Amino acid sequence: MNRSNARRPASVLGLVLRFSFRHWARQPRLALGIAVCMGLATVTEIFVPVYAGRLIDALALGADGRSAALAAFATMVALGLAMVVLRHIAWWAVIPLTLTNMREAAAEAFHRVQRLSSDWHANSFSGSVVRKITRGMWAFDELNDVLLLALLPSLVVLAGTVGLLAAKWPALGMVMALGAILYVALNLGLAIGVLAPAARLSNAWDTRIGGLLADAIGTNAVVKAFGAEDREDARLAEMMGKWARRTRRTWMFFTWSGSGQLLLLWAIRAAVTGTALWLWARGQASAGDIVYVLTAYLVLHGYLRDVGQHIHQLQRSVNEMEELVKLHDEPLGVADHEAARPIRIDSGEVRFEHVTFRYGGHATPLYSALDVVIPAGQRIGLVGPSGSGKTTFVKLIQRLHDPTEGRVLVDGHDIALASQASLRRQIAIVPQEPVLFHRSLAENIGYGRPDASQEQIETAARLANAHDFIAALPRGYRTLVGERGVKLSGGERQRVAIARAFLADAPILILDEATSSLDSESEAMIQQAMERLMVGRTAIIIAHRLSTVRSLDRILVFDQGRIVEDADHERLLAIEGGRYRRLFDHQSDRRHRKEVTTG
């Protein structure tokens, strides 16, 4: 175990507690009011044993102690009523505090996750991320209850009871204080040193299970296609077995620590009772004093017994909040500059100035001093083998990555100084595999322009050749498309994505051409819609089939991060031994062989 891991439990506890206190600080009056009410309610319980002892002493006096006995009884009743009222106020007030904390923690985590880099999302299971947020949100509820409604009263009872006893009988106060300190120290040591690592491991496996379930359920169509239900069942069973073994170990730790705590509590009880009897035998305590001591210890015993459970609950909630808190500290990857301002794109000129870019951890850059100018309104195609830099080129325009060196300019503005949201709202994208929300078709089409009217949505759908198939559905534009658009065919999803781009009406358009896997009718309709969509815009098309770039104004041929050729289709074909010509001839031969085989 390295040094950082050895410090981890205590540092995580501090991290989560600081996170919680920051949220409490947003509602300081409410948090302080809860603490004061719970503290005062607990103080009433400390003084009840005092008056119980006085009641016994008054009863021992017979008729002479009647008024003192009634006064002690009345005081006990008043203290009991005060305790009920104060606790009710505290429990009532903790509800709005906790609900606000939970809502803000989940909303801020979602806000953060939405803005993390595309690489982070590519390396994360969405199901696991959802589990981290929801589990951490509910752990906030338990943490507030433990700190404000459980541990705080326990500390007040401990300090108050020991203080009152020590003031009258220093030896008895010392015995009770040492026993209580030993008990709390044992619980803290077990919670931080033993239970926290075990609980963290259990939570890690719980997160993995959430990711596995989301992965398999989200790709159920593939599971069915290969008849792999049993295989997925076995995969889950294997992981559940590992989770059960880790969780069993955690629960066994709790069981053994609970038994040890009970044994220590009985030892403290014996020591306190024995000391009280010793004081009585020496004539330093009356019968009422003994009742007071025993009653006070019974109150303290209840709190001490619970404090062990509360410390374990605190540690468990800390473990469950840990992943949520870490999401807030996850680096954004690409963050808005402090002086970032909204950008306004009018014409859509794109310029790369001496751009060097390397992916994190790669010694060799993908681009080295790349210079490219795309005039406003020009339609260009990006071609080249996989990994040559086509997708990275458009990601730099979207500012999903920042250049290592150099600048990317749009209409003369350095996009590093523009707010990301304003930039991306003015770039319409039709990806190779369109992803839709499990919402209505109208909501999916209008996503890039939420204030669009139904008429505008339908106009965009017509331009994308999507209106006819939508109108034929039983619920039309109100039809839910299923998770990631699973209820629609590939061609239908593509047309919905094109309609979304039409409605966004952005000056820059990025198309990841994806008609190769569609039937000829869908391909023709999509090609027609894409031609309409490119009119009057700066259009950048990532081409997988060179037949789709013949009519474009310009084609950039990428090879290992360099633009090796730059011209239109006819000029590129005229280059003997050129890279583009070799790619075109290769695809033409392959298509010819396919036609001969199928013919």
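Being a predicted model, the structure only gives us computed values, none of them experimental.
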Residues Q27 and P96: closest non-hydrogen pair is OE1-O, 4.1 Å
Are any of the side-chain heavy atoms of F140 and S20 separated by less than 4.5 Å? yes
Measure from the side-chain N and O atoms of E142 to the backbone N and O of A139, and report whether any donor-acceptor pair falls under 3.5 Å. no
Output, in order, the C-alpha distance, side-chain angles, deciding distance and verdict of side chain to side chain contact (heavy atoms under 4.5 Å, CB included) for Y447 and L436. CA-CA 10 Å; Y447 193 75; L436 306 182; over 6 Å; no
Is any side-chain heavy atom of L327 closer than 4.5 Å to a side-chain heavy atom of I133? yes
Do the side chains of I427 and I397 get nearer than 4.5 Å, heavy atoms only? yes
Between L441 and I457, is there a side-chain heavy-atom distance shorter than 4.5 Å? no
Charged N to carboxylate O below 4.0 Å: is that the case for E108 and R112? no
Shortest non-hydrogen contact from H23 toward A105: CE1-N, 4.0 Å
Going by the angle between their ring planes, with limits at 30° and 60°, are F357 and H401 parallel, tilted or perpendicular? tilted
Side chain to side chain donor-acceptor pair (under 3.5 Å) filter on Q420, not counting sequence neighbours, yields D336, R424
Given side chains that start at C-beta, do those of N444 and V481 come closer than 4.5 Å, heavy atoms only? yes
Output, in order, the C-alpha distance, side-chain angles, deciding distance and verdict of side chain to side chain contact (heavy atoms under 4.5 Å, CB included) for L473 and R475. CA-CA 6 Å; L473 296 171; R475 300 194 63 195; 6.0 Å; no
If you apply the rule side chain to side chain contact (heavy atoms under 4.5 Å, CB included), what do you find for L417 with R341, and how did you get there? CA-CA 7 Å; L417 302 177; R341 295 289 182 271; over 6 Å; no
Quick check: does any side chain N or O of Q426 sit under 3.5 Å from a backbone N or O of I343, one acting as donor and the other as acceptor? yes
Mark yes when over 12 heavy atoms from residues, nucleotides or ligands other than R26 sit less than 6.0 Å from its CZ; otherwise mark no. yes
What's the shortest heavy-atom distance between L480 and S440, and which atoms? CD2-N, 3.6 Å
Considering all heavy atoms of both residues, which atom of A452 and which atom of L503 are nearest to each other, and what is their separation? CB-CD2, 3.6 Å
Got a sec, which residues hit side chain to side chain donor-acceptor pair (under 3.5 Å) with N144, two or more places apart in sequence or on another chain? W24, T98, N101
Show the nearest heavy-atom pair for residues I510 and Q398, with the distance to one decimal. CD1-CG, 4.0 Å
Considering only heavy atoms from C-beta outward, does the side chain of W138 approach that of L324 to under 4.5 Å? no
From R399 atom CZ to L423 atom CG, the distance as rounded to the nearest 0.5 Å: 8.5 Å
Nearest-0.5 Å distance that lies between atom CH2 in W91 and atom CG in L86: 14.5 Å
Nearest 0.5 Å, what's the NZ-NZ distance between K326 and K132? 9.0 Å
Between OG on residue S317 and CG on residue L147, distance to nearest 0.5 Å: 7.0 Å
Is the closest side-chain heavy-atom distance between L488 and V496 below 4.5 Å? yes
Salt bridge check, E443 against R478: does any charged N sit closer than 4.0 Å to a carboxylate O? no
Of all residues at least two apart in sequence or in a different chain, which pass the ring-ring contact (aromatic ring centres under 6.0 Å, His included) check with F47? none
Donor-acceptor check, side chain of T44 to backbone of A82, threshold 3.5 angstrom: yes or no? no
What heavy-atom pair brings V394 and T391 nearest, and what distance separates the two atoms? CG2-O, 3.1 Å
H337 side chain reached by S419 side chain, heavy atoms, under 4.5 Å: no
Quick check with a 6.0 Å cut-off and a 45 degree axis cone: is R18 positioned over the face of F21's six-membered ring? no
Euclidean distance, I34 CD1 relative to L148 CG, rounded to 0.5 Å: 5.5 Å
Using the salt bridge (charged side-chain N to carboxylate O under 4.0 Å, His left out) rule, take R87 and E45 through it: C-alpha gap first, then chi angles, then the decisive distance, then the call. CA-CA 11 Å; R87 279 184 176 270; E45 292 192 81; 3.0 Å; yes
Roughly how far, to the nearest 0.5 Å, is the OG1 atom of T42 from the CG atom of L155? 10.0 Å
